[in-house]
Structure formats: structure tokens, C-alpha cells
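Below you'll find the structure, written out as C-alpha cells, and then a few comments.
The sequence lines fix the lettering, A, B, ..., with proteins before strands; numbering per chain opens at 1. Worth knowing before you read on, the calculation uses all heavy atoms, side chains too, and leaves out hydrogens, waters and symmetry mates.
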Number of protein chains: 2
Amino acid sequence: MKSLQIKDKTLTLIQRSIPDRQEGEALIRVLMAGICQTDLELLQGYQSFAGVPGHEFVGRVEESSDRPEFVGQRVVADINVGCGLCSWCLQGDQRHCPQRSVIGLRGHSGAFAEYLTAPTGNLHLVPEGLSDREAVFAEPLAAALEISQQIHIKSTDRVAVLGDGKLGLLTALALRVFSPHLVLIGKHPRKLELAAAQGISTHLIESGQNTIAKAGPGPFDILVEATGNPQGIDSALDYVRPEGTIAIKTTSHARTELDLARITVNEINMLGSRCGDLDLALSFLERKHLDVLPLIEAIYPYADFQEAFDLAGTKGSKKVLIDLQSSIP
Amino acid sequence: MKSLQIKDKTLTLIQRSIPDRQEGEALIRVLMAGICQTDLELLQGYQSFAGVPGHEFVGRVEESSDRPEFVGQRVVADINVGCGLCSWCLQGDQRHCPQRSVIGLRGHSGAFAEYLTAPTGNLHLVPEGLSDREAVFAEPLAAALEISQQIHIKSTDRVAVLGDGKLGLLTALALRVFSPHLVLIGKHPRKLELAAAQGISTHLIESGQNTIAKAGPGPFDILVEATGNPQGIDSALDYVRPEGTIAIKTTSHARTELDLARITVNEINMLGSRCGDLDLALSFLERKHLDVLPLIEAIYPYADFQEAFDLAGTKGSKKVLIDLQSSIP
């Protein structure tokens with residue numbers, strides 16, 4: 001099969017054999033996959049990654065021994081594959097298994113390939129009404145919704161999302177369900193307009209205006225830091241009230257510098273947030289709690305992967321998808 | 001009256017007039033005051049402080065118009081003096097009033113002087129059974145106990161305090177009430193022995209051994225970072241489990257560098273923690289939930305303030321107190 005591969009910070013299209021299906025795994029034909037900021041970081045050397053990237057995808061099950069009823073069905077997947085034996089796995093949360101592999105990220109080949117394997121226990125059936133280009137948002141949407149599973153967001157809380165990148169935009173649309181008056185704070189008028197079109201309040205940070213706490217909105221009870229910038233925490237602290245909460249979504253591998261005294265003196269609660277519940281995400285998509293289609297920048301055929309990655313890495317780009325069903329050169 | 005003063009990073013003993021008592025304030029004769037790490041930082045230029053330092057103290061009320069029954073009584077004080085009008089003050093929490101002054105720290109003369117003033121609403125009567133040298137611990141003990149007011153510490157939680165400095169030691173003794181098997185992790189055998197003498201489990205980090213997570217104890221559910229070192233967070237992350245909590249007590253003004261990805265990937269909860277409830281602290285002291293007397297390094301007469309500050313700044317020093325009732329040169 002054809003597959004993308006990252007090696008030595010280079011992305012290439014290679015020919016490789018279809019992955020062996022282990023016991024309890026399904027073989028999945030990939031239909032569509034999304035390029036995440038983390039994929040771009042892997043390409044820059046994050047985690048010294050070498051292998052097949054791709055962790056946002058929708059596919060169709062081709063083979064499964066333990067769940068034959070899945071064959072022919074469209075699925076999305078939890079990307080964390082636990083050992084099944086540790087205390088985390090035994091309580092049903094593979095996300096923090098210390099021995100875990102992560103599809104497309106660590107020790108498990110990803111979705112920028114014709115086929116991949118995944119444990120059937122990680123699969124979630126895609127409701128019929130959802131198109132591939134919607135279902136491919138399930139993984140990042142689950143990550144966005146994870147905040148609502150960690151913090152009790154009440155309708156009276158003043159909530160903001162800082163950062164109108166791919167994840168920031170998605171997070172604003174997702175959390176608005178819990179917080180109708182949520183504010184999205186960003187630097188890209190085009191992105192903010194997209195959010196506004198779905199009824200979200202927005203605030204534009206004018207260029208050159210970095211610390212705008214006094215002029216800008218806030219202070220907020222809950223602020224989601226989704227700038228994608230290691231220094232995003234510094235800005236986040238400008239917007240949050242004493243005893244408020246900052247949920248951190250940025251997973252940059254660059255080191256962050258911050259003034260810890262601001263956190264202690266104001267007794268700020270900083271909470272790291274990562275992957276979430278795919279079922280909740282699929283439910284949000286199926287019930288149209290948000291419309292993800294305007295978040296798509298472009299859909300590329302497989303052959304144009306380089307162009308797709310280049311566009312995804314362009315400042316201000318929305319979600320770039322790759323159609324794996326397209327004919328392969 | 002005689003008073004210490006910090007100006008241009010220099011500590012001097014000066015003569016100044018007794019402070020004017022404002023409406024609602026009491027005039028307090030200082031009996032004893034403790035030197036805090038923050039006092040040492042003020043002397044190094046933190047917050048460009050200029051004035052009379054001292055925020056850990058016990059004194060005797062000499063004058064009070066609105067609470068005449070306080071006159072002659074020994075008191076300790078909440079150091080945060082709010083505006084009385086903002087939403088924080090109106091809900092009874094001056095600690096986060098944006099207009100607040102802070103006794104001995106910001107806009108309000110402190111306790112290294114014969115007299116100071118404080119709002120009577122900030123005063124707490126010292127129970128008769130407590131000596132001055134015990135009561136002077138009320139302020140830092142309240143700060144140590146603040147963690148128990150922010151986080152629900154259950155007896156089954158694995159809890160550790162990282163850092164056996166003045167505040168770390170006090171915090172371990174205080175939180176042990178909630179967590180009998182709490183572990184104090186430090187670098188000073190002498191300090192750890194003090195804690196062990198009060199029944200606390202300890203772990204010594206051998207010198208040169210910085211990241212000892214694999215060899216050391218843990219992982220912990222709740223870790224109190226009390227290293228006093230801006231890089232203490234990095235070490236704290238080695239000891240805490242995924243989805244665990246780090247309570248940050250270090251208020252160093254130096255900037256901290258950290259790997260944010262460790263916080264997001266492991267979904268760590270980081271919580272800043274500052275001043276606490278003086279009444280709770282006095283109750284802990286009165287009921288002998290902990291014995292603070294072994295935490296005293298030395299008590300100096302007022303005249304030897306320079307020696308006292310030098311000793312307090314010595315690595316590994318315990319709490320240094322100044323007896324303000326001693327004869328003044």
C-alpha cells in the first residue's frame with residue numbers, strides 16, 4: 001500500500017506492506033484524514049518521530065475477528081492504545097497508560113496511509129447521517145470537549161477561548177454549548193468571522209497589541225489557552241480573574257517561560273487538557289450542535305500531500321483534509 | 001519609634017514617627033516578628049519594595065476606637081487590606097481585592113517596627129495558651145493550610161511536599177492532619193529529621209540527584225511545590241501522576257522555564273496558593289496539631305537585625321524570629 005512517512009524531518013510517499021492485524025485489532029481502510037498542528041510539529045522533530053503520522057481520521061473496517069459486525073462499517077478511533085493491564089487501563093482510561101502507544105504519534109502507525117490497524121475496543125461507529133468530512137473532526141472535537149469533562153462549566157461562568165487556530169476555533173464552537181456567551185479571542189478576522197457566523201462573540205486582538213487585558217474583554221472565570229504558542233500562558237494570565245482557571249490546550253514542545261508569582265499570588269488554577277471522549281464528539285456532530293464544515297480550508301487528493309501539508313502550515317490556515325480514497329499515483 | 005526599613009536593596013534601622021491610626025484601624029505594639037523568604041526577596045529588589053517589611057507577627061493592641069475590647073489583647077493579622085467596596089471585599093475575601101494593600105509587602109508598613117497599624121477587621125485574638133513564638137507562626141501556617149481550603153485532600157490521596165525550606169516544613173506538618181501518610185521530600189537531613197520527629201515520612205534527595213522520580217517515592221496524587229526555586233515545577237512534574245495536582249507555593253519573582261507539553265499530555269492540574277485563614281491556623285496551634293517550636297532557628301533581639309536577616313538567608317536555615325520587645329540601641 002501507499003503511505004506517507006516522516007523520517008529525519010522529511011515527509012515522503014512510500015510503498016509499504018499493509019500492516020499486520022494483531023489479535024483484537026481491526027484492519028481499517030482510511031477514507032479521510034485531517035492534518036493537525038501536532039503533525040506539523042512531528043515533521044519539525046517533535047518526539048523525534050519516525051513513522052506514519054495521522055491521528056484524525058475516518059475509515060471503513062475491512063477485517064475484524066472479535067467484532068465481525070464492524071466489518072463494512074465506518075469508524076473513528078480513540079488514538080490511545082493502552083497495555084490493558086495497568087491501573088489506568090483497568091479503570092477504562094487508556095489515555096494515561098504509561099505503556100501506551102498512540103496512533104500516528106507514538107509506536108503505532110497512523111492514518112496517512114491506505115490502511116491502518118486499531119484495537120476494536122478503540123473504535124466508534126460513525127452515525128449514518130455524518131459525512132466523512134464531518135466525522136474526521138471527531139478526534140479533535142473530543143479533545144476540545146475534554147475541557148467540559150475536566151471542569152464543571154456553568155452557564156453563568158464567564159468563559160473565553162484564547163486563540164483562533166484550528167483547535168481554538170473548534171473549542172469555541174464546542175464549549176459554546178455549555179457557555180452560550182463564550183468569547184473567542186483571536187488575531188485573524190477571517191477566523192473570527194467564521195465563529196461569529198455560528199453566533200459566537202468574538203474579540204480581535206489588533207496586531208502589535210500583545211497585552212490587552214485593560215482594553216480587552218474579561219476578566220474571565222475560565223479561559224481556554226489554545227494559542228498553539230508556548231508563550232500563550234503569559235497572555236492567558238492577562239485575561240483570567242484571581243482564583244480563575246486556565247485550561248491549557250497548547251502542546252508545543254518548545255519550553256515556556258512564565259512568571260510563576262502571577263499564578264501563586266492570584267491563586268490561578270492551570271489545567272492541562274488533551275484527548276477526549278469520541279462518543280461525545282460524535283453525538284455533538286450528529287446532533288449538529290456545531291457546524292464543522294466551514295472550518296475546512298481544503299480537501300486534497302492523496303497525491304498532493306506535500307501541498308496539503310504546506311497549506312496546513314500556513315499561518316491562519318483552517319483545517320486541511322486529505323482524501324485517501326482518491327487515486328494514488 | 002525605631003523601625004527597620006528597606007530602601008535601594010538595603011536594610012537599615014531608622015527612627016520614624018509612630019504611624020497614624022486611620023478610622024477602623026488599631027494601633028498595635030509588635031511583640032515578635034518572623035523573617036519570611038519573601039522578606040529576603042524584597043531586600044533583593046522584588047516588587048521594587050521600599051518601606052517597612054514584616055508580615056509575620058504577633059502584637060498587642062494599644063489603641064482601637066471601633067473595637068475597644070481589643071485594647072490590651074494579643075493579636076495576629078490577615079495581611080491583605082482590601083478596599084472594602086469591590087466584589088472580592090464584599091464577599092469577604094480581601095486577598096484578591098485588586099486595590100488591596102498588603103501589610104509589610106505593598107503600600108502598608110510592616111511589623112519590623114515598634115508599632116504598626118492594621119484594620120481591626122483583620123485582627124484575630126491569640127488564645128491565652130499560645131506563646132508569642134508560637135503565635136508568630138499563624139500567618140505562614142495559614143498560608144500552608146490554604147491548600148486544604150482549595151483542594152479536597154482525602155486520607156487515601158498520596159500526598160507529598162517537595163522542599164524542606166521554612167514553608168515546606170511547615171506545610172508538611174500542617175497537611176499531615178489531612179493526610180497521615182504524607183511524605184516530605186527534601187535535601188537537608190537536619191530538616192527532614194525535624195519532620196520525622198513529628199511522625200512524618202521523609203525522603204532525602206541526594207545531592208547531584210535532581211530528577212529522581214524513578215528511584216524516589218511517588219507518583220503522588222497531590223504534590224505541594226514548596227522548593228522556593230523557580231525551577232521547582234520541573235522537579236514537581238517528576239513526582240506527580242497523570243491527572244494529579246501540583247499546588248504551587250513558590251512565589252519567586254524569577255521567571256520559570258517549563259515544558260508545557262508535560263502538563264497538557266498528563267493533564268496535570270497546577271494550582272497557585274497564597275495566604276490563608278488565620279483562625280484555622282490559630283486553632284491548629286492552640287490544639288497542638290503540630291509543634292512549631294522546633295522550626296525556630298534563633299530569636300534575635302531587635303538590635304541584631306542584620307545578623308538575623310543574614311542567618312535567615314543562609315541555605316538550610318529554619319525560621320528566624322526578631323523579638324521586638326527587646327531593648328533598642
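Most heavy-atom pairs under 4.5 Å with chain B, from the set A/Pro98, A/Gly272, A/Ala247, A/Ala261: that is A/Gly272. Residue with the most contacts toward chain A among B/Thr245, B/Asp234, B/Ile246: B/Asp234 (heavy-atom pairs, distance under 4.5 Å). Contact count against chain A (heavy-atom pairs under 4.5 Å) is highest for B/Ile268 among B/Thr250, B/Asp259, B/Ile268.
Between the CD1 atom in B/Ile263 and the OG1 atom in A/Thr251 there is a gap of 12.0 Å [rounded to 0.5 Å]. Distance check, rounded to the nearest 0.5 Å: CD of A/Glu257 to CG of B/Leu260 gives 13.0 Å. If you take CG on B/Leu258 and OG1 on A/Thr256, they are separated by 5.5 Å, rounding to the nearest 0.5 Å. The NZ atom of A/Lys249 lies 8.5 Å from the OG1 atom of B/Thr264; values are rounded to the nearest 0.5 Å.
Heavy-atom distances place no part of B/Asn80 under 4.5 Å from chain A, backbone and side chain included. With a threshold of 4.5 angstrom between heavy atoms, A/Gln231 approaches chain B through side-chain atoms but not through N, CA, C or O. Only the side chain of B/Ile233 comes within less than 4.5 Å of a heavy atom of chain A; its backbone N, CA, C and O stay farther away. No part of B/Arg262 comes within reach of chain A, as not one of its non-hydrogen atoms sits under 4.5 angstrom from that chain.
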### Query
Between A/Met270 and B/Ile248, is a side-chain contact (heavy atoms from CB on, under 4.5 Å) present by the stated rule, with each step listed?
CA-CA 11 Å; A/Met270 279 176 41; B/Ile248 309 171; over 6 Å; no
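Closest approach of A/Glu267 and B/Arg274 over heavy atoms only: OE2-N, 2.8 Å. The heavy-atom pair separating A/His96 from B/Val265 by the smallest distance is CE1-O, 3.4 Å.
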